[in-house]
2 protein chains.
Amino acid sequence: MREILDIQKQLLPDLVDTMKKRYTILHHIMVSGLVGRRTLALSVGATERVLRAEVDFLKEQGLIEVEASGMRISVSGRELLERLEPLVKDLFGLTELEERIRSHFGLKQVIIVPGDSDVSPHTKKELGRAGASVLRKLVGEDETIAVTGGSTMAEVAYHLTPATPMKGCWFVPARGGLGESVELQANTIASTMAKKAGGRYRLLHVPDHLGEDAYQSLMQDSHIAEIIAFIRGARIVVHGIGEAMVMARRRKVDPETTESLRRDGALAEAFGYYFDRDGNILHKMPTIGLRIEDIHCMDHVIGIAGGKSKGESIASVLKHGHEDVLVTDEAAAWEVVNRLLS
Amino acid sequence: MREILDIQKQLLPDLVDTMKKRYTILHHIMVSGLVGRRTLALSVGATERVLRAEVDFLKEQGLIEVEASGMRISVSGRELLERLEPLVKDLFGLTELEERIRSHFGLKQVIIVPGDSDVSPHTKKELGRAGASVLRKLVGEDETIAVTGGSTMAEVAYHLTPATPMKGCWFVPARGGLGESVELQANTIASTMAKKAGGRYRLLHVPDHLGEDAYQSLMQDSHIAEIIAFIRGARIVVHGIGEAMVMARRRKVDPETTESLRRDGALAEAFGYYFDRDGNILHKMPTIGLRIEDIHCMDHVIGIAGGKSKGESIASVLKHGHEDVLVTDEAAAWEVVNRLLS
DNA sequence: AGCACTGGGACAAAAAACGTCCAACAAAGC
DNA sequence: GCTTTGTTGGACGTTTTTTGTCCCAGTGCT
């Protein structure tokens, strides 16, 4: 059922909205018993005229009966509502979830795709598609977009398609070497995105596990300094979110630091920073690029991550409080919400 | 899957059309590889401007990539098409079927609901809903609508809803007593329809199994003659279709006639007439009302019947050649088509 | 009888869709 | 290299649809 809805949404994006609207109206009519147009318009929050069009439609479909004294639901209408119930539960469930997370963390937008990325690879693809879609909508002309690495970001890159406003955009890695494998590195992702979207890219080549002195001398290099300044000029950053300990292991963080992270209760990782349960920064990976203060004053900070296992991590990063858009999946979203309650 | 589509069609009737249109375009783009707007418009049969809007939409959705040299399908687009395949098979299967039957018998319209009325009561309901819907669309103001009896017609009556143009309509039985049980008699159906639709009705009370002399004296009665003339003035007739032998048994036709019907290969029954395989009339029930010649010159002859078992009967009646609209279900439709091939 | 509703007709204004051009550009054939 | 044929995307007037806003004739309840 979800599957078919996902497909339809691609061919008819406002299908869900229209169905919701008409369901709401029909449902209102049912619970009201006998109700008038103006009263109804008020209670569903529509102008009289548009509601009238909807009512005409429902009448045409034989879902309601309208007499001079008002309108009531018909037999077919009642039947339809019953059959619609499971569908609507899905339809509304996710949007309700989206709104709950959105308002609690004060985000601009939350997008939840159905499923669990941990279990189904297809959900991860959907996540990528949703991420690509939101980026396409948010991006302006000649903008710089900073991206991070990770498998989810790779999926986003894969699903990006050329859009006119993206032609002049620059894709850059948010931060330098973070110890990822090549195909999941921010550099790779940035260049893939640029190719897919028809934009341009600049890379930041930094060796992993940089020592303090090497770090300093690197910053002296005018070439590097220039590209870093360029990156810091980005107004949009798109990043994945990872589980702290998983990321530490994958990136071969040294044992002492790992132990310290564990001791301090590190939960999440995003663009090279490690966060605890309350969204505090515990540790910063020793590399260059966007600093946390750069991210704080961005126009659009877009976090993309899914899977039940990442729920807690996502919540931690949201708690840090500087995200604008979250793209996640249903399983992770429920985890986030559950943590709100406890 | 069918279920969900049925539901959606009620809330969004042109969902299927839109999906088909967009699928067709996308599919065309895929097989064409790289194709231009005008070429495409020609091959899918749309004007350039509307196709342009569709193309803009597909681009917006990231399903196609458009360059200066033409447009091609994107990765997401190809993926979507794959996932869409089973859905489209359903979507198109029925309409293809409809068109095949329509053109072969020269009908104005064929409507096929998914399922098999023999097996699923729900399909029978859908049949009733579809029948009610087509009647609602076809009916004009102050019209007379002749109806027959039967369980399918009862279902149609049940799903009728008040529509403005129907307010002034008269519902009348097509023919007098045909030996049905009370709740399935044409009289009952006519009055139910009138009540449901907000129209008026006139009844024709004729005893079953009328003798020849009684028949004659009945016709003399000015009251009866007047209502019969009224019935014959109908421009719309909605009727069920039955299997000849089943109907004969149910209506307790006398053994000699039954045997004669069997001998002559009676297959179908409709409004009191029995038809053979080639649509010839074999027998006429001895009662009064619409004659076959009245039906031949009607504006809209609407036949409604479903279930695999009725497929042959439906084909026979269609062969008779004076139907305008057929409402049936998928199982019966396939039977009809299979008989065309053999 | 009066009141607070109702649906539906009417009509102008605003918005969206559409048909029809054209300019700038890309690719293929010659 | 040039022509021809195809491409996209912009522009613009026309038509159609949607929307906002009245008003009128009813209906049901008190």
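Side-chain atoms are counted along with the backbone in the values below, which use heavy atoms only and exclude waters and symmetry mates. Order of the sequence lines fixes the chain letters, A, B, ..., with proteins taken first and strands second; residue numbering starts at 1 for each chain. Model, not experiment: these values are computed from the prediction.
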### Summary
Result for side-chain contact (heavy atoms from CB on, under 4.5 Å) between A:V172 and one of A:V237, A:I231, A:I145, A:N187 points to A:I231
### Task
Would you mind telling me which of A:L94, A:L5, A:D90, A:T95 makes a side-chain contact (heavy atoms from CB on, under 4.5 Å) with A:V16?
A:L5
Please state how far atom [atom1] in [X] lies from atom [atom2] in [N], giving the value in whole angstrom units.
X: A:R38; N: C:dA4; atom1: CZ; atom2: C1'; value: 11 Å
X: A:L40; N: C:dG7; atom1: CG; atom2: C1'; value: 13 Å
X: A:E65; N: C:dT6; atom1: CD; atom2: P; value: 18 Å
X: A:E67; N: C:dC5; atom1: CD; atom2: P; value: 19 Å
X: B:R37; N: C:dC21; atom1: CZ; atom2: P; value: 14 Å

Answer yes or no: is there a side-chain heavy-atom contact under 4.5 Å between [X] and [Y]?
X: B:H27; Y: B:M30; result: yes
X: B:H28; Y: B:V35; result: no
X: B:V327; Y: B:L127; result: yes

### Message
Could you walk me through whether B:E67 and B:R72 satisfy the salt bridge (Lys or Arg N to Asp or Glu O under 4.0 Å) test, starting with their C-alpha distance in whole Å, then the side-chain angles of each, then the deciding distance to 0.1 Å, before giving a yes or no?
### Response
CA-CA 8 Å; B:E67 313 157 20; B:R72 66 175 82 250; 3.1 Å; yes
Pairs: protein N or O with nucleotides 13-20 of chain C N or O, under 3.5 Å:
unit_1: C:dG19; atom_1: OP2; unit_2: B:T47; atom_2: OG1; d: 2.5
unit_1: C:dG19; atom_1: O6; unit_2: B:R49; atom_2: NE; d: 3.2

### Message
Using salt bridge (Lys or Arg N to Asp or Glu O under 4.0 Å), reason through B:E79 and A:R129 one step at a time and then give a plain yes or no.
### Response
CA-CA 11 Å; B:E79 204 174 275; A:R129 240 181 29 82; 5.7 Å; no
## Note on the structure
Ranking B:K59 and A:S69 by the position along DNA chain D of their nearest nucleotide, the one closer to 5' is B:K59
### Task
Specify whether A:F230 and A:W170 have parallel, tilted or perpendicular ring planes, treating 30° as the upper limit for parallel and 60° as the lower limit for perpendicular.
perpendicular
#### Entry: Nucleotides bounding contact with chain A, strand DNA chain D, heavy-atom threshold 4.0 Å
D:dT19 to D:dG28
### Query
Is any side-chain N of the basic residue among A:E3 and B:R83 closer than 4.0 Å to the acidic one's carboxylate O?
yes
### Task
Indicate, with a heavy-atom threshold strictly under 4.0 Å, whether A:V55 touches base, sugar-phosphate, or nothing.
nothing
#### Entry: Inter-axis angle, terminal five-pair segments of the helix from C:dA1-D:dT30 to C:dC30-D:dG1 [nearest 10°]
30°
### Task
Scan A:R49, A:R37, A:K59, A:K21 and name whichever one has a salt bridge (charged side-chain N to carboxylate O under 4.0 Å, His left out) with A:E54.
A:K21
### Query
Are B:R202 and B:T144 linked by a side-chain donor-acceptor pair shorter than 3.5 Å?
no
